[in-house]
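Notes for the one structure printed next.
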Amino acid sequence: MLRLDKFLCEMNIGTRSQVKKELKQGAVTVNGETVTKPEYKVDEKKDRVAYKGKMLEYRRFVYYMLNKPPGVVSATRDNVHGTVTELLKDTGYGELFPVGRLDRDTRGLILMTNDGELAHCLLSPGKHVEKTYDVELEKGLSREDVRRLEEGVDIGGGRRTLPARVRVLGEKRIYLTITEGKFHQVKRMMEAVGNRVVSLCRVSMGGLKLDEALLPGEYRELTEEEVGMLKG
Ligand code: URA
């Protein structure tokens, strides 16, 4: 059993004071009855709590994959552009944040969650989580370019990239797998070999693959297996 305001906070409906306001305004029902008292005790496993008519399934943490469209930023808030968090505003779990960043013009897989510990783990530089990008290039890569990209290249600022994997998919198209997440890393790697990225799409992260059924801007919850794999 836990207090209704705590339950709602854990579901990311808002801060304690925002939740109190929502309760006062009658936005919350428990088993079909409007409840306005923050201290009301709910059984998170049995009671049916709804916020603005939408049933909340009690789960401390949730995990979604989003196929990020170009033009939105990988942030929770932005004064100018739309954000990935806004794209997932109707999940019923409040504000979810992106695990890592993609450039505004980059498309593809972004993990969205409210699980800070998992996010921290996946982003920790020491973990070397693999990220694979589908990269369209301005021109073809020579064997020497591929060798250099795989060995590590100088991307400026005295930085050398860690070994990477290149899979050639076409004349001007590759899969590039890296284990770091430096600012504009893929674009800078291609520039280091005298090339240029024409389009960039992340297709996997930490073994999690972008679901091909998701159109740009669409998202779905991860399966239990996918969450287990990321945590494993
Ligand atoms: N590398 C880039 O250059 N941009 C991204 O968005 C991701 C990786």
Side-chain angles (χ1 to χ4, degrees), residues 64-78 80-88 96-113 118-141 145-170 172-212 214-219 230:
Y64 285 80
M65 68 161 78
L66 165 71
N67 184 357
K68 176 192 170 301
V72 296
V73 293
S74 313
T76 50
R77 287 198 181 87
D78 192 274
V80 182
H81 304 286
T83 70
V84 288
T85 293
E86 284 158 10
L87 288 176
L88 271 84
L96 303 179
F97 58 81
V99 179
R101 282 173 176 257
L102 291 177
D103 296 338
R104 185 153 56 88
D105 58 354
T106 302
R107 299 167 289 123
L109 176 66
I110 290 229
L111 173 63
M112 302 288 298
T113 186
L118 179 69
H120 179 75
C121 207
L122 290 171
L123 295 174
S124 155
K127 285 274 178 358
H128 298 302
V129 169
E130 286 198 343
K131 282 147 284 202
T132 299
Y133 295 87
D134 184 336
V135 193
E136 264 191 66
L137 295 160
E138 190 173 63
K139 48 193 179 184
L141 291 172
D145 293 337
V146 171
R147 188 193 61 75
R148 287 181 57 209
L149 288 169
E150 289 195 323
E151 271 184 4
V153 283
D154 183 347
I155 55 169
R159 286 166 187 273
R160 212 182 160 71
T161 54
L162 290 176
R165 271 199 325 273
V166 174
R167 204 174 112 206
V168 177
L169 298 176
K172 297 182 197 170
R173 187 164 161 226
I174 59 166
Y175 267 179
L176 177 71
T177 303
I178 56 176
T179 59
E180 318 159 86
K182 298 202 168 92
F183 187 59
H184 294 330
Q185 177 155 347
V186 176
K187 291 173 183 162
R188 286 158 74 198
M189 286 174 77
M190 296 309 144
E191 280 161 21
V193 296
N195 212 319
R196 198 177 69 82
V197 170
V198 173
S199 93
L200 192 56
C201 176
R202 181 154 67 192
V203 291
S204 78
M205 176 178 179
L208 179 68
K209 290 197 171 66
L210 176 64
D211 188 332
E212 286 176 6
L214 293 177
L215 295 173
E218 289 186 341
Y219 54 87
L230 288 175

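Predicted model, so just to flag it, every value in this text is computed and none were measured. As the structure lists them, so they are numbered: ligands from 1, and atoms in each ligand from 1.
To the nearest 0.5 Å, the span separating NZ on Lys172 from CD on Glu138 amounts to 8.0 Å.
Defined by atom type and a distance below 3.5 Å, a donor-acceptor pair is present between the side-chain atoms of Arg107 and Ser199.
Distance alone, capped at 3.5 Å, is enough to place a donor-acceptor pair between the Arg202 side chain and the Leu109 backbone. The backbone N or O of Ala164 lies less than 3.5 Å from no partner atom in the side chain of Thr177, so there is not a single donor-acceptor pair.
For ligand 1, the protein residues within 4.0 angstrom (heavy atoms only) are Leu102, Asp103, Thr106, Tyr133, His184, Gln185, Val186, Lys187, Leu200.
Crowding of Arg147 atom CZ: a count of heavy atoms from other residues, nucleotides or ligands under 6.0 Å exceeding 12.
In this structure, Asp145 does not pair ionically with Lys139, as no charged nitrogen and carboxylate oxygen lie closer than 4.0 Å.
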